[in-house]
Each structure stands twice: as C-alpha cells, then as structure tokens.
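Here is the structure we will look at, set down as structure tokens.
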Amino acid sequence: MKLKLTLLLLLAATASTFAQSADSLMLRKIYDEELVNGQCYQNLHYLCKNIGQRLSGSANAQKAVEWSKKLMESYGFDKVFLQPCMVPHWVRGAKEQGFIVDGTKRIPVAIAALGMSVATPKAGLTANVIEVHSLAELKDLGEAAIKGKIVFFNRPFDPKFIEPGRAYGAAGDQRRAGPAEAAKYGAVGVLVRSLTEALDNYPHTGTTQYDDKVVKIPAAALSTIAANQLSAMLKKSPKTKFFFKQNCQQLPDAPSFNVVGEMTGTENPNKYIIVGGHLDSWDLAEGAHDDGTGVTGALEAVRILKAMNYRPKNSLRAVFFMNEENGDRGGDKYAELAVANKEEHIAAIETDGGGFTPRGFGFTGLQPGALKTMNQVWKPLLEPYDADKLTPGGGGTDIGPLRVKSPSTVLIGFRGDSQRYFDVHHTPNDVFENVNKRELELGAAAMASLLYLIDQHGLKF
Ligand SMILES: [Zn+2]
C-alpha cells in the first residue's frame, strides 16, 4: 500500500516535471522564433510611418483597418474578419493657439485641445484664470469665485507612486471630469496641466467627458512648462488672463471596425483566449507606444505560435480594438458579439501601457488561490525571461466590457516597465523612434508564452 502510494507520488512528480520541462522548452522556442524572426518592429514602422495618426472616424483609421486585415491574412490565420461598429468622429481642426496675457504682454504657450472638446468662439476666448488643484477645491470655491473665468487645474502627478500609471489614475479626474464640473459653476473654459511627471513643452491631449445637462466649455491641455509658468504668473499678478483659440468639431458618428485574426482551436473551437490592443490613436503623433506597440505586439504573439506550427486546443485571437481613446465602442462591440455568438472567453490579455521591457502580467477574475499556484508553477518558467511578475489586478479599457457581459472571463493586463510611458503618452512625441526593437519583441514573446500556457493548462489551478 505504502509502496503503491510512493510509486503514485513518484509518477505524479515525474509527470509534472515532464510537463514543466516540455513547457520550458516551448517557451525557449517561442523566444527564439521572436528574437530571430520577429516582425512586429517592422509592422510598427509601417503603421507609424506609412499610416500615422489614426483617430477614430478618420481616413487614417480606415487605412489602418484595411492594412491590419491584409497583414493578418498574410499570416495564414484560420479566420480574419472585421467587426463593424459606429465610432465618434471628433476632429481637432487648425492648430490651437494659447497665450498668457499679462497686461499688454502676450506670452505664447504650448496647448492642445482635449479630445472631444468643443471649439472656442471663432475669435478665441480671453478670461481671468483661477488655479485649482482638485474637483473638491472647485466645489468649495463655488460659483462666486469661478463664474466667467477659465479654470486652471494644476494638480501635478504624485511622484510617490512607484507605477506612473497610478499617478495618472490619481490625477486623471481633472482632465476627464474637470471641464464638465467647472461648467456647473459658470466657468467659460478649462486648462489642464498635462498628465505627466516630465517637465517638458509637449501638451498631452486625452479625452474629456462632458455632462449633457450642462453647457459644454472648451478645454485644453497645457504643457507642464506652460502650467508652471502660468501658475508663477498668477501668484505674482492674480489678474493675469489667458487667451486661447481652438477649432475642434464633433462630426456625426462614423462607421469603423475591430479587426480580428484567429487560429481556430482543435479541441474547443468555441473557447477563446484573446490578446489585443487598440488600433486607434490620438491625432498629435503616430500612436507608437499608444497603442501601436499593443496591436503589433498582440498580433505578433499569435504569429509566433502560427509560425511554429503550434496547434492550439482553444481558439486564439489577436484583436485590434477600435476607439479606445475616445469612446470604447470597439470594446463594447466585441463584448456584445461574444455574447450574441455564444463564445466562451477563457481569458483576454490587453496590452496598452507602451511597448516597454516586459515585467509580467496582472490578473483579474482568477479563482481564489489560483494566483498563488500560478506563481509556483508558471513563475519559474517565465523567470529566465524577466517576465515573471504575476500579480493581482489587471485588465484594460478594451477588454473590460467582456468581463461585464461574460463574468467568467479572466482579464489580464500585460505589464511592462512603465517609467517612461507618460513622457510620450498622448503627445507629439509618441513616435516610432521612441520604441526599442528588443523591448517590443520581448513583450510579444512574453504574451505568446502566456497564450501557450493558458491554452495548454487553463487558468483553473
Ligand atoms: Zn492606449
């Protein structure tokens, strides 16, 4: 009896060691394929330089859709298809102008309209400025202090956060909700300090959300240098005014698409593991890190497995979501179709934090205790590649709706070294030249590794 038990334990241990070493060999092959034959960097180059900025509803966004579909088809996936969705169509118009007005002196500063903002009057808008640091302060000041003025939200990134993404989250309410809130107290315009810790002259755009019940007032991002300058001048002379002129427009919703490439599962064709990013980008640059690296990296993860003649048990998909930046209509559409088509999504990986050196993955929706076991079993496999930080909490804007509609889906966020992300995020500096080939490739290989491990072993430890 005892002998039998020992034998069984020995067999189980051998089987698990065998599985482990088969997995570790496979991961090595994945990395070899990517580091020798990787194509994501050249794909990113095409997307950035031959297509460029691709805000939802634009002609470039449509070009990006067509190029993505062709590219996926060239990889010989089992299925490549588009998912139609209507998207907001906001245009910036002629470049904005901004001046600090000090008596008769006009000092030009770098501004950019926030995405979805309305235009100023044609001749521009001049008003006194009131600096605030939070929505709570705005409320305390109330209408008496704010009416007729431009509200200047100037709360900087909190440098104490180790992950800049958390500082972004903590400062982001100024941009997202600031203009709608300020309008409630009679403000005529809003300036927001750019959401970055970098001290530079790039205005960082990004979407703002109006309240349909309140008048919409124009809103712009100020570069951090300009924000410091304006703040210093207001301290010296509180009568300092600001002039800005912006020409943006909200056009009728436009038709667009998510782009999906699939390797169909051999055992469970109706169970899906997906990896994706967003194809749209802000209009100020090439959307290289945000989120060109995401889409090209996600596609590469599936391409690697296809190139290795891997036959997945479950269906694997690369998904290029449309409209993450100013509406999330693509994410909503994907989730809606998953339910309508009765697709079971085991897991969804999103990469939307820049194409930087991979560190690991964050997970939302695992069974209790699963992450602990995963850290015992998978962490050693990922450790040689420095992509072994497997932590609680993770997901993304595009895949969020999937878990709302299909609550059994595990959401996974690709985690890279994020220290430099907010230097370029939503700025004219988000260009191909700021992406490193090796970092992008290592990220794609890390995602391919995770796709493989989930496909082989599932997520129910
Ligand atoms: Zn993004």
Side-chain angles (χ1 to χ4, degrees), residues 40 44 47-48 51-58 60-61 64-65 68 87-88 90 112 114-116 163-169 171-172 175-176 194-196 202 204-209 221 256 258-259 274-299 318-332 334 348-356 358 362 394-402 411-432 434-435 439-440 443-444 447:
C40 48
L44 181 69
L47 182 63
C48 289
I51 297 171
Q53 65 89 2
R54 44 197 181 276
L55 192 56
S56 290
S58 65
N60 271 9
V65 165
S68 304
V87 295
W90 177 86
L114 294 186
M116 311 301 265
E163 288 175 43
R166 292 185 190 274
Y168 179 69
R175 191 196 78 206
R176 285 191 308 272
S194 282
L195 297 178
T196 178
Y202 294 112
H204 295 228
T205 191
T207 203
T208 195
Q209 277 144 16
S256 191
N258 295 327
V259 191
I274 71 167
V275 58
H278 62 88
L279 188 54
D280 61 309
S281 82
W282 280 112
D283 57 330
L284 297 176
E286 299 166 359
H289 275 294
D290 187 13
D291 189 21
T293 55
V295 286
T296 54
L299 174 61
V319 183
F320 290 9
F321 293 95
M322 183 50 72
N323 187 226
E324 188 273 349
E325 292 294 5
N326 59 340
D328 201 23
R329 303 273 184 87
D332 286 339
Y334 187 89
I349 308 170
E350 179 156 344
T351 162
D352 187 16
F356 299 102
T397 306
D398 295 301
I399 58 176
L402 195 53
L411 300 186
I412 305 171
F414 167 76
R415 297 185 53 186
D417 174 354
S418 56
Q419 297 305 323
R420 285 166 291 150
Y421 188 42
F422 293 95
D423 294 358
V424 300
H425 185 250
H426 297 180
T427 74
N429 204 21
D430 188 9
V431 293
F432 175 77
N434 286 326
V435 176
E439 289 183 312
L440 178 61
M447 289 188 283

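As the structure lists them, so they are numbered: ligands from 1, and atoms in each ligand from 1.
Looking at heavy atoms from C-beta onward, Asp328 lies in side-chain contact with Pro401 at the 4.5 angstrom threshold. By the 4.5 Å heavy-atom criterion applied to side chains, Cys40 and Leu299 are not counted as neighbours.
Checking Asn434 against His289 by side-chain atom types alone, no donor-acceptor pair falls below 3.5 Å. With hydrogens and angles left out, the side-chain atoms of Asn326 and Thr207 include no donor and acceptor closer than 3.5 Å. Judged by distance alone, the side chains of Ser418 and Glu163 never bring a donor and an acceptor atom under 3.5 Å apart.
Within the 3.5 Å criterion, the main-chain N or O of Asp290 finds a donor-acceptor partner in the side chain of Asp430.
Protein atoms of type N/O/S that fall under 2.8 Å from the Zn ion (ligand 1) number 4 in this view.
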